[in-house]
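Below you'll find the structure, written out as structure tokens, and then a few comments.
Below, chain A is the first sequence line, B the second, and so on; all start at residue 1. Values below: every heavy atom of this structure, side chains too, minus hydrogens, waters and symmetry copies.
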Amino acid sequence: MKIDIEGNSVEFENNLNVGEILCKLKYDNSVIGALVDGELRDISYQPKKNVTLVPVRENSKEGLDLIRHTAAHALAEAVQSIYPNTKVTIGPVIENGFYYDFYTEKNFTEEDLELFEKKMLEIINGKKPIIKKIINKNDALSMFGKMGEFFKEEIINDLDDNQEISIYSQGNWFDLCRGPHAPNTSYIKAFKLLNVAGSYWRGDEQRESLQRIYGTAFFNKKDLKKYLLMLEEAKKRDHRKLGKELNLFSITEEIGPGLILWHPNGATVRTIIEDYWKNRHMEAGYQIVYTPHVAKASLWETSGHSEFYRENMFTQMVIDKNKYEIKPMNCPFHIMIYKSELRSYKDLPVKFAEIGTVYRYERSGVLHGLFRARGFTQDDAHIFCTLDQIELEVDQVIDLTTRFLKAFGFSDYEIFVSTRPKRYVGSKDEWVQATNALKSSLKNKGLKFSIDEGGGAFYGPKIDLKIKDVIGRSWQCSTIQVDFNLPKRFDLNYISRNNDRLQPVMIHRAIFGSFERFFGILVEHYAGAFPFWLAPLQVKILTVSEEQLDYSDSLKKELDKIKLRVDIDKRNEKLGLKIREAEVGKTPYILTVGKSEMENKTVNVRQYGGKQIGEIKFKDFVSMMKKDIRKGDSL
RNA sequence: GCCUUGGUAGCUCAGUGGUAGAGCGCAUCCUUGGUAAGGAUGAGGUCGGCGGUUCAACCCCGCUCUUGGGCUCCA
């Protein structure tokens, strides 16, 4: 048997397992598994034919998967040893760790997690070898049947008859498991159980409800610590917490869940974003429109929302015997504006843009601050164009999108192109042309993208953009969707060069997705310390004593003239306190004025974060500010 | 929606079967201070809402509203 390994091709006798092969090649035991023809395998895996073997060492992505899977088993053993009536279900590896779902009467608490951790530590320190055993279906069924592990029985029953069934044991404890695992428990050098949550067997709310324990594991304490710090950092940046602290927005019981009050500070930021948005869109040839928040039910029947989007729509209302719906989307309105006059091919593309507030019924459990609300405002636009114009239009949308993202501090993103699903409208040719247009726009710009095969909506292919924030989390915001469906439903047309009536294509697109969500992301991205052009309050003037009240007023007056957002802290408080509060409020520039500044016509400048610029002439500060304002404009 | 967790002053949170506390904030006063919290006094709560158990409920029970964590990344 021939094994290709790290550039060498070596002949071996048959019936050797990966570990034995590696041993003969003098690999040490930092190798804990292997990619065999690209598939992650145990060290005990026995290749049946010539294969390519890539050793998986500690501290690799695959290595982490191995120990996390093993950690999940350690957790399951710990839980069953402490609460023997608990039934196990599944315990997979996930992006940043693992979880295990249990079926039990007991409600796991924080204290339980500590108990489990202690027990896990014993198991791990026991350095128990992990042994894989292949068994036949009948044995598997009777084995797990006897143990009363009925979820495992169900899994086994669902397996194909010819599928290999394996169990993995660590000491006396074992689990039905596909593997792969680390060679023994001691490779888990650092782990932590994070939280308990509810879940359902197979994600089905009709089935048994389970308790899920989330955890994570690493090869060393340092990595674990780093990860836990990241979680803490994320907690510190939580927009709901900062929203309260910085007085940006609120959600109150009196008004209702998922409905947002934008307080003056938040609204200031939003206004700046909206102004920026409108200006850039008008420059890019969009026409700004406004549309109502409700419309007759018949409009939504034509659009298909009543049928396909019903479960996300609020309850219908009846006005003067006519049925009305609150809008979950803006598209039908933009379509009606398109239809308000006869369009010529010379008019295309027509681009309508709206900062349009929509209302969607979201299940109560999924609401989450600004990220998932029931009333939110889309930065919506619809481009009506011909099939041939798609590429150029998408090109421009991408330019606009990347410019926006850069302006708001996001330069890292992933792009996905979703193609034709099984169920679709339009012709195959149209799909091919539109999909190719999307791809070639991206290619021409040298932007990398992945294909989500069959992931498109039934009405057309799309491009989705996921941005990465400063602590490495991804957020889906921008989307560009081609639509063959609505033009058909609304019988849209334009007069062609040959005087025919032809149907335009629609492109739905949003850059932020929603202002609420994007604002929430911004808050977390900047940890509440907005860049100068977005900061609700840009400059705070602090008086040292009462003597500077008039001087501070005169400064504010000058700064108002150049449209800065300025406040004076005139309170009868010590300077230290004023500084502290200005810093806590994350104000970009803090101007301290005392006796000396007043006499010299200067200000003492401190930037957010404690950076001292020192005492400078006030007129120099003004010209410095003028430059900073222009910076915002040029984004 | 379902599982689970919390709901006490504007905010952050203690607390007990015998009708409530701290810090911050707020008001008033003293202090006129120089780069991350000066001091004093005071106001402020039907302990989420409704119902029940009890001599007595913020506390126990039921319902309801609401917050947070989650609800296939598959043995």
Pairs under 3.5 angstrom, nitrogen or oxygen only, protein versus nucleotides 36-44 of chain B, please.
residue	atom	partner	partner atom	Å
A36(B)	N7	Arg606(A)	NH2	3.1
A36(B)	N6	Glu583(A)	OE1	3.2
A37(B)	N6	Arg580(A)	NH2	2.6
A37(B)	N1	Arg580(A)	NH2	3.2

Under 3.5 Å between N/O atoms: give me all the protein pairs with nucleotides 73-75 of chain B, atom names plus distance.
residue	atom	partner	partner atom	Å
C73(B)	O2'	Val93(A)	O	3.4
C73(B)	O2	Glu95(A)	N	3.2
A75(B)	OP1	Arg178(A)	NE	2.9
A75(B)	OP1	Arg178(A)	NH2	2.3
A75(B)	OP2	Arg178(A)	NH2	3.3
A75(B)	O3'	Lys152(A)	NZ	3.4
A75(B)	O2'	Lys152(A)	NZ	3.0
A75(B)	O2'	Leu176(A)	O	2.7
A75(B)	N6	Glu164(A)	O	3.1

Review item, nucleotides 27-29 of chain B N/O atoms under 3.5 Å of protein N/O:
none

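Across all strands shown, Glu597(A) has heavy atoms under 4.0 Å from base atoms, whether or not it also approaches the sugar-phosphate. Nucleic acid contact class of Phe151(A) (heavy atoms, under 4.0 Å, all strands): none.
One cannot find a donor-acceptor pair under 3.5 Å joining the base of U72(B) and the side-chain atoms of Asp204(A).
Rounded to whole Å, the distance from CD1 on Ile590(A) to P on G34(B) is 17 Å. Per the geometry, CZ belonging to Arg374(A) stands 11 Å off C1' belonging to U66(B), to the nearest Å. Following rounding to the nearest Å, Ile613(A) (CD1) and U35(B) (P) show an atom-to-atom distance of 17 Å. Rounded to whole Å, the distance from CZ on Arg372(A) to P on C71(B) is 12 Å. Arg363(A) has its CZ atom 17 Å from the C1' atom of G68(B), to the nearest Å. Here the C1' atom of nucleotide G34(B) and the CD atom of Glu546(A) are 16 Å apart, to the nearest Å. One interatomic measurement links the two molecules: CZ of Arg571(A) to P of C24(B), which rounds to 14 Å at whole-angstrom precision. Between Lys235(A) atom NZ and G68(B) atom C1' there is a gap of 11 Å when expressed in whole angstrom units.
Helical stems involving RNA chain B, defined as 3 or more consecutive Watson-Crick or G-U pairs under 3.5 Å, span B:1-4 with B:68-71, B:10-13 with B:21-24, B:26-30 with B:38-42, B:48-52 with B:60-64.
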For nucleotides 2-13 of chain B, give me one character per nucleotide, 5' to 3': B if any protein heavy atom sits under 4.0 Å from the base, S if the only such contacts are to the sugar-phosphate, - if neither. BBSS-----SS-
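Side-chain contact of Lys578(A) with Thr543(A): a donor-acceptor pair under 3.5 Å is present, judged by distance alone.
One finds no side-chain N or O of His368(A) lying less than 4.0 angstrom from the OP1 or OP2 phosphate oxygen of G70(B).
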Applying side-chain hydrogen bond (donor to acceptor under 3.5 Å, both in side chains), run through Tyr103(A) and Asn85(A) and close with a yes or a no. CA-CA 9 Å; Tyr103(A) 180 72; Asn85(A) 291 329; over 6 Å; no
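Straight-line distance between the C1' atoms of G48(B) and A57(B): roughly 16 Å, to the nearest whole Å. Using atom P as the reference point in both G15(B) and G52(B), the two lie 30 Å apart (nearest Å).
Residues from residues 257-268 of chain A that place a heavy atom under 4.0 Å from any atom of RNA chain B, listed by number: Pro257(A).
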